[in-house]
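Both counts, for ligands and for their atoms, begin at 1 and track the order of listing. From a predicted model like this one, the values you see are computed outputs, not experimental measurements.
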Amino acid sequence: MSTDNLTAVLHGIEDLRLEQRPIPEISENDVLLAMDSVGICGSDVHYLVNGRIGDFILTKPMVIGHEASGVVVKLGSKVKHLTVGDRVAIEPGVPCRLCTHCKTGKYNLCAEMVFCATPPYDGNLTRFYRHPADFCFKLPDHVSMEEGALLEPLSVGVHACRRAEVGLGSVVLIMGAGPIGLVTLLTAKAMGASVILITDLVQNRLDVAKELGATHTLLLNKNDTAENTASIIHKMLGTDPDKSIDCCGAESTTRLGIFATRSGGCCVIVGMGAPEVKLPLINALAREVDIRGVFRYCNDYSAALALVASGAVNVKPLITHHFDITETTKAFDTARYGHGDAIKVMIHVLPRNTNNN
Ligand code: NAD
Ligand code: ZN
């Protein structure tokens with residue numbers, strides 16, 4: 001096996017370097033993966049630019065990347081469900097497995113979560129990476145490694161739609177047509193939503209949303225009030241959405257979600273904005289609009305994989321750019337500045353299609 005373990009390490013704000021790291025040793029329940037594809041997420045860019053997200057602060061060098069897929073090259077002695085050569089998607093957060101949240105199945109809430117590229121834990125934009133085997137999902141031959149990497153954001157969409165209880169005939173409002181808004185749109189459609197209106201400030205993103213199956217799009221006017229925008233949405237739909245899913249996290253979009261949602265409906269917040277925001281809580285209270293948060297995902301990876309493998313969801317149009325790991329800086333610039341109308345930027349650790357049929 002090669003000893004080249006080129007790795008993208010974030011040393012501090014605006015200081016992302018490619019350097020060699022030792023190839024990790026594995027323990028009995030792990031696999032060693034030859035990494036294939038790693039998507040760039042908004043949070044990766046955020047750590048590069050700000051060095052922190054909320055209370056997660058970069059205090060020492062950290063390997064970046066967490067939307068990833070790889071191929072098993074070495075097996076721990078106790079690993080039963082995988083074999084060398086398997087192509088897998090990597091669920092990047094590994095919980096403690098022992099606390100009440102873990103034991104009751106809400107492991108995304110585990111306080112001891114070890115999550116790739118969330119300080120202080122290393123991510124997986126590297127050639128060789130160790131991961132617990134039970135957080136690796138074997139990809140069928142017809143699912144590409146890039147699609148495997150995209151199961152990460154797709155799982156956020158699955159979790160959001162499950163939290164919103166999207167179902168047959170749901171009328172869904174989605175704020176934000178970035179990667180998270182778009183995977184939420186795809187999932188809502190697959191879960192049976194009949195009407196999906198998506199909003200953004202950028203027309204090009206709404207055009208993509210339309211191609212992906214949004215029934216309605218609305219270019220928001222930043223100066224309009226949330227109440228007024230809600231009434232525009234009600235007129236456009238001829239009804240009130242029973243679910244709204246905020247995939248922006250701007251105060252204005254969260255307010256819009258509350259005002260727009262039907263009485264007795266559900267307003268889910270995925271976007272992470274300012275830690276404190278002004279919301280019309282009495283309006284929500286008096287109309288029994290439930291407000292629910294979403295934190296990553298929990299037991300959602302297998303559903304995300306099933307959606308892709310069955311063809312119910314096509315995530316491929318989200319990938320707008322491809323780079324080799326040696327071009328990591330350029331890839332981050334593209335994601336950061338949205339060059340070329342970038343939506344999802346994919347980094348290839350191995351030459352593209354090495355592991356695709
Ligand atoms: P993104 O920045 O690519 O997309 C956000 C979209 O919202 C953009 O298209 C932008 O034009 C649009 N937008 C911004 N302000 C707006 C406004 N006032 N009104 C309407 N549209 C507006 O980000 P993304 O990768 O799609 O992620 C979306 C959000 O979800 C981010 O806040 C991210 O931190 C969060 N997120 C949360 C979780 C979670 O577990 N809760 C997981 C992943 C991402
Ligand atoms: Zn736990």
Side-chain angles (χ1 to χ4, degrees), residues 39-47 49-50 52-54 56 66-67 92-115 117-118 150 152-160 162-164 173-186 197-209 217-226 229-230 233 244-257 260 268-275 277 292-298 300 318 320 334-338 341-345:
I40 299 181
C41 166
S43 69
D44 296 317
V45 173
H46 211 88
Y47 283 118
V49 176
N50 300 301
R52 66 182 294 168
I53 295 179
F56 294 106
H66 65 273
E67 298 182 353
V94 181
C96 81
R97 306 163 192 268
L98 300 172
C99 72
T100 305
H101 300 302
C102 285
K103 283 176 153 177
T104 53
K106 292 196 163 190
Y107 65 82
N108 57 326
L109 306 180
C110 174
E112 305 298 321
M113 178 71 86
V114 174
F115 200 96
T118 296
L150 280 176
E152 203 280 341
L154 182 58
S155 294
V156 176
V158 170
H159 195 60
R162 282 175 159 171
R163 290 280 287 161
L173 166 65
I174 298 173
M175 276 74 70
I180 296 296
L182 294 174
V183 291
T184 301
L185 159 70
L186 290 169
L197 186 153
I198 188 160
T199 68
D200 205 289
L201 299 168
V202 182
Q203 184 58 44
N204 146 268
R205 292 212 157 176
L206 292 176
D207 295 342
V208 175
T217 61
L218 176 62
L219 186 65
L220 286 187
N221 175 353
K222 250 191 160 169
N223 300 319
D224 224 350
T225 63
T229 309
I233 288 170
S244 71
I245 307 179
D246 181 7
C247 300
C248 288
E251 182 169 293
S252 58
T253 55
T254 314
R255 291 173 62 81
L256 170 60
V268 164
I269 302 171
V270 187
M272 293 180 184
V277 291
R292 297 184 187 168
V294 156
F295 192 55
R296 296 170 176 155
Y297 32 74
C298 179
D300 296 304
L318 267 62
T320 50
T334 303
R336 177 175 177 177
Y337 299 112
D341 290 334
I343 297 177
K344 181 56 68 185
V345 175

Given 3.5 Å as the limit, does a donor-acceptor pair link the side chain of Thr254 with the main chain of Ala250, or not? yes
Determine whether a donor-acceptor pair (N or O, by modelled atom type, separation under 3.5 Å) exists between the side chain of Asp300 and the backbone of Val158. no
Taking side chain as C-beta onward, heavy atoms only, is Arg205 less than 4.5 Å from Pro179? yes
Can you name the atoms of ligand 1, numbered from 1 with element, that are less than 4.0 Å from a heavy atom of Phe295? 40 (O)
For atom CD of Gln203, is the number of surrounding heavy atoms from other residues, nucleotides or ligands below 6.0 Å larger than 12? yes
Distance-only, no hydrogens or angles: does the Lys344 side chain make a donor-acceptor pair with backbone N or O of Ile40 under 3.5 Å? yes
Return yes if some donor-acceptor pair links the side-chain N/O of Asn108 with the main-chain N/O of Arg296 below 3.5 Å, else return no. no
May I have the step-by-step check of side chain to side chain contact (heavy atoms under 4.5 Å, CB included) for Met175 and Thr229, ending in yes or no? CA-CA 12 Å; Met175 276 74 70; Thr229 309; over 6 Å; no
So the angle subtended at the Zn ion (ligand 2) by Cys96 atom SG and Cys99 atom SG, rounded to 10 degrees, is 110°
Test your reading of the model: is there a side-chain donor-acceptor pair from Asp246 to the backbone of Cys248, 3.5 Å cut-off? yes
Of the listed options (Cys247, Gly271, Gly178), which comes nearest to atom 28 (C) of ligand 1 when hydrogens are ignored and any heavy atom counts? Cys247
State, yes or no, whether a side-chain contact exists between His66 and Ser43 at a heavy-atom distance under 4.5 Å. yes
Could you check atom 36 (N) of ligand 1 against the protein and tell me its nearest heavy-atom contact, residue, atom and distance included? Val270 O, 3.8 Å
Val202, portion touching ligand 1 at heavy-atom distance under 4.0 Å: side chain
Taking both backbone and side chain into account, is any N, O or S atom of Cys102 nearer than 2.8 Å to the Zn ion (ligand 2)? yes
Run down the list Met272, Lys222, His46 and name the one with the heavy atom closest to atom 33 (C) of ligand 1. Met272
Atom 1 (P) of ligand 1: the protein heavy-atom neighbour that sits closest, reported with distance to 0.1 Å: Arg205 NH1, 3.9 Å
Residue and atom name of the nearest protein heavy atom (relative to atom 15 (N) of ligand 1), distance in Å to one decimal: Leu201 CD1, 3.6 Å
Mark whether atom 30 (O) of ligand 1 lies under 4.0 angstrom from at least one protein heavy atom. yes
Which residue owns the protein heavy atom closest to atom 13 (N) of ligand 1, what's the atom, and how far is it? Cys248 SG, 3.5 Å
Quick check against the 3.5 Å criterion: does Thr320 have a side-chain atom that pairs as donor or acceptor with the backbone of Ile343? yes
For ligand 1, which part of Ile180 has a heavy atom less than 4.0 Å away: the side chain, the backbone, both, or neither? both
Under 3.5 Å donor-acceptor, Arg292 side chain and Arg163 backbone: yes
With atoms numbered from 1 as shown, which atoms in ligand 1 lie under 4.0 angstrom from a non-hydrogen atom of Leu220? 19 (N), 20 (C)
Close approach, Gly176 and ligand 1, non-hydrogen under 4.0 angstrom: yes
Test side chain to side chain contact (heavy atoms under 4.5 Å, CB included) on Tyr297 and Glu152 and set out the steps. CA-CA 9 Å; Tyr297 32 74; Glu152 203 280 341; 2.6 Å; yes
Is Gly42 close to ligand 1, meaning an N/O of one under 3.5 Å from an N/O of the other? no
Around atom 23 (O) of ligand 1, find the nearest protein heavy atom and jot down its residue, atom name and distance. Pro179 CD, 4.4 Å
Heavy-atom contacts with Thr253 under 4.0 Å: which atoms of ligand 1 show up? List them by number with element. 17 (C), 18 (N), 19 (N), 20 (C)
Could you tell me which atoms of ligand 1, counted from 1 in the order shown, lie closer than 4.0 angstrom to a heavy atom of Arg296? 39 (C), 40 (O)
Note: ligand 1 atoms sitting under 4.0 Å from heavy atoms of Ser252 are 18 (N)
Pick whichever of Asp200, Val294, Val268 has a heavy atom sitting closest to atom 11 (O) of ligand 1. Asp200
